Amino acid sequence: MSQREPEIHDVVGVGFGPSNLSLAIALQECRTSGPDQEVSALFLERQPSFGWHRNMLLPSATMQISFLKDLVTFRNPTSSFSFVAFLHASGRLPRFVNNQDFFPTREEFHQYLEWAQARVADRVEYGSEVRSIRLVPGGAPEADRLRLDVAGSARRAGRVVEARNVVVSTGLVPNMPEGTERDERVWHSSEFLEKYRRTDPPKLRRVAVVGAGQSAAEITRFLYDELPHAEVYSVIPSYGYSVADDTPFANQVFDPGAVDDYYFGTEQTREAFWRYHRNTNYSVVDDEVIRDLYRRAYDDEVRGVERLRFLNLTRVTGVKRVGAETRVSLQVGPDAEVRELDCDALVCATGYRGMEPTGLLGDLDRHCLRDGAGRYRIERDYRVVTDPELTCGIYLQGGTEHSHGLTSSLLSNIAVRSGEIAGSIVARRAGRNAGRPVAVPVEVGGDLH
Ligand SMILES: Cc1cc2nc3c(=O)[nH]c(=O)nc-3n(C[C@H](O)[C@H](O)[C@H](O)COP(=O)(O)OP(=O)(O)OC[C@H]3O[C@@H](n4cnc5c(N)ncnc54)[C@H](O)[C@@H]3O)c2cc1C
């Protein structure tokens with residue numbers, strides 16, 4: 001295809017993590033419902049191959065959701081893309097069941113995702129980073145297509161593609177402590193294993209982990225176990241790790257129905273979601289990991305060893321390089337005592353910011369409408385509300401915490417959410433083909449069959 005005639009798809013997905021993988025499957029399963037349901041789709045992913053938080057695939061780290069919240073089951077329990085179907089195909093189903101555990105390791109869930117992506121790989125291009133999304137130059141006043149500029153890789157030249165619908169799912173953005181730059185000795189948790197493997201572990205005599213969330217606790221445990229000769233410091237802004245509430249009533253905030261409660265709720269009910277249920281996901285740690293760490297510290301104390309040190313009520317105020325070491329400035333305890341800690345590696349498990357598509361949308365952003373607080377206005381079907389002349393669809397998978405609630409950046413609801421997006425795209429296309437005004441369904445069925 002020449003540069004002047006870009007290929008055109010009904011849907012182009014930007015990013016191919018679990019959210020858009022789930023969408024690719026939902027669109028594929030639409031096809032079985034009839035030819036009018038068939039849409040052409042292409043997914044562009046900047047990584048050279050599929051990878052889901054690869055740098056945090058620590059041994060024994062487990063999923064924080066049930067395996068039944070996989071890519072498909074809540075939308076279509078009979079799908080051949082379920083986690084159970086994967087176990088069956090791998091010959092492990094009986095042994096998995098014998099474990100009597102809802103929470104597989106992240107390593108096994110990653111295998112599942114790789115297995116699923118291999119079955120839709122003809123619609124995915126890896127090593128393809130989308131640089132911008134814009135209006136087709138000189139296009140009709142009714143903008144029904146968008147143009148995506150795709151950077152090339154060593155194997156593929158850069159190019160442009162066009163789409164009637166774009167689904168942006170580029171994931172969370174790593175957050176570093178203010179004024180802290182990453183380097184070979186200062187890492188964010190999102191790059192942890194890659195950076196750790198580049199070190200010479202016996203040379204890591206003192207390491208520090210900043211943060212009080214799940215990743216911080218898992219990395220602290222990993223470093224303590226992997227580096228038996230090293231001191232491991234855990235720098236915690238609170239008094240200690242807080243437990244993630246995954247008890248049954250609290251877990252209902254992740255149910256598909258909770259999205260409607262949030263979306264159609266008042267400001268007051270939305271605020272209550274966050275106030276009461278933040279501790280289901282944010283800056284909290286699984287009970288088992290907390291107990292593991294406490295046990296290790298206690299057993300050391302019994303043996304007269306002090307290797308695992310928790311600096312609670314402590315904040316990082318600065319980081320600088322001193323020779324081969326990293327010097328971390330700290331404000332410690334209730335009196336904000338100033339201390340310095342020299343270490344061989346500093347891991348900032350300081351979380352993420354929500355997905356932010358503004359950079360990708362560039363000039364297109366001015367056609368996207370915002371609410372009083374400056375956030376995108378989003379339809380119930382995850383489509384950004386735009387000027388009426390923009391008839392193409394810009395959907396977001398992620399970055400919709402303000403409109404759709406807690407599950408926006410999580411796996412819990414991806415099966416249903418991607419079904420809703422697929423349903424919306426198919427319904428809007430059917431309306432266009434029939435010459436009807438394009439109707440945006442408020443509620444689209446979870447099960448596409
Ligand atoms: C360590 C860790 C563990 C987690 N565990 C859980 C869990 O157990 N349960 C849960 O519910 N949630 C969990 N989460 C939350 C996490 O957000 C989801 O698991 C999941 O990654 C969301 O999928 P996604 O596809 O929306 O985003 P991502 O998985 O982040 O995928 C986004 C993809 O977009 C690609 N991309 C970005 N920009 C571009 C571009 N311009 N062009 C092309 N490609 C691009 C990225 O390379 C990436 O592959 C975890 C998060 C972390 C960090």
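All figures in this text were calculated on a predicted structure; none of them were measured in a lab. Order of listing sets the numbers, starting from 1, for every ligand and every atom in it.
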Note to self: Quick check: His53 and ligand 1, any N/O pair under 3.5 Å apart?
What the structure shows: yes
Check: So, are Asp287 and Arg291 salt-bridged, with charged N and O less than 4.0 Å apart?
Finding: yes
Item checked: Closest to atom 44 (N) of ligand 1 (judged by heavy-atom distance), picking from Met56, Arg417, Arg46, Arg54 -> Arg46
Check: Of the choices Gly398, Gly213, Pro18, which has the non-hydrogen atom that lies closest to atom 23 (O) of ligand 1?
Finding: Pro18
Next item on the list: Work out whether the distance between some heavy atom of Tyr352 and some atom of ligand 1 is less than 4.0 Å.
Entry: yes
Note to self: Could you identify the single nearest non-hydrogen protein atom to atom 31 (O) of ligand 1 and state the distance to 0.1 Å?
What the structure shows: Gly17 CA, 3.5 Å
Checklist line | Contacting atoms of ligand 1, where contact means under 4.0 angstrom from a heavy atom of Leu44 | finding: 43 (C), 44 (N)
Margin query: Could you identify the single nearest non-hydrogen protein atom to atom 15 (C) of ligand 1 and state the distance to 0.1 Å?
Written below: Ser409 O, 3.6 Å
Item checked: atom 26 (O) of ligand 1 [closest protein heavy-atom partner, distance rounded to 0.1 Å] -> Ser19 OG, 2.6 Å
Note to self: Looking only at the side chains, is there a donor atom on one of Thr350 and Asn175 sitting less than 3.5 Å from an acceptor on the other?
What the structure shows: no
Next item on the list: Would you check the N or O atoms of Ser215, main chain and side chain alike, for any that come under 3.5 Å of an N or O of ligand 1?
Entry: no
Margin query: For the residue pair Ser424 / Tyr395, report whether a side-chain donor-acceptor contact shorter than 3.5 Å exists.
Written below: yes
Notebook entry, point to check: For atom 30 (O) of ligand 1, what is the nearest protein heavy atom, given as residue, atom name and distance?
Noted result: Gly171 CA, 3.4 Å
Check: Would one find an N or O of Gln47, backbone or side chain, under 3.5 Å from an N or O of ligand 1?
Finding: yes
Check: Is Asp10 salt-bridged to Arg164, cutoff N-O under 4.0 Å?
Finding: yes
Notebook entry, point to check: Among Thr170, Leu396, Asn281, whose heavy atom sits nearest atom 38 (N) of ligand 1?
Noted result: Thr170
Notebook entry, point to check: Based purely on interatomic distance, does Glu45 place a nitrogen or oxygen under 3.5 Å from a nitrogen or oxygen of ligand 1?
Noted result: yes
Checklist line | No-hydrogen, no-angle side-chain donor-acceptor test under 3.5 Å, Ser418 and Arg75 | finding: no
Check: Centroid-to-centroid, Phe67 to Phe103, below 6.0 Å?
Finding: no
Notebook entry, point to check: Given the side-chain rings of His53 and Phe192, with only the six-membered ring counted for Trp, is the space between their centroids under 6.0 Å?
Noted result: no
Next item on the list: Considering only non-hydrogen protein atoms, determine which one is nearest to atom 34 (O) of ligand 1 and report residue, atom name and distance to 0.1 Å.
Entry: Gly15 CA, 3.3 Å
Check: Distance only, no hydrogens: is a donor on one side chain within 3.5 Å (strictly under) of an acceptor on the other, for Asn20 and Gln397?
Finding: yes
Check: To the nearest 0.1 Å, how far is atom 8 (O) of ligand 1 from its closest protein heavy atom, and which atom is that?
Finding: Gln64 N, 2.9 Å
Margin query: Any protein heavy-atom neighbour for atom 11 (O) of ligand 1 (distance below 4.0 angstrom)?
Written below: yes
Check: Hey, does the Lys NZ or Arg CZ of Arg270 hover above the aromatic six-ring of Trp274, less than 6.0 Å from the centre and inside 45° of the axis?
Finding: no
Note to self: Considering both backbone and side-chain atoms of Arg106, is one of its nitrogen or oxygen atoms within less than 3.5 Å of a nitrogen or oxygen in ligand 1?
What the structure shows: no
Next item on the list: Find all atoms of ligand 1 within a distance of less than 4.0 Å from any non-hydrogen atom belonging to Met63, and give their numbers and elements.
Entry: 8 (O)
Check: Between Arg370 and Asp365, is the closest basic N to carboxylate O distance under 4.0 Å?
Finding: yes
Note to self: Suppose I only count heavy atoms of Leu411 and a 4.0 Å limit; which atoms of ligand 1 are within that range?
What the structure shows: 9 (N), 10 (C), 11 (O), 12 (N), 18 (C), 19 (O), 20 (C)
Margin query: If the test is side chain to side chain donor-acceptor pair (under 3.5 Å), which one of Ser412, Ser22, Ser19 qualifies with Arg417?
Written below: Ser19
Next item on the list: Decide whether an N or O pair under 3.5 Å exists between Val130 and ligand 1.
Entry: yes
Checklist line | Which residue and heavy atom of the protein sit nearest atom 5 (N) of ligand 1, plus the separation | finding: Trp52 CZ2, 3.8 Å
Item checked: Nearest heavy atoms of His110 and Gly51, plus distance in Å -> NE2-CA, 3.6 Å
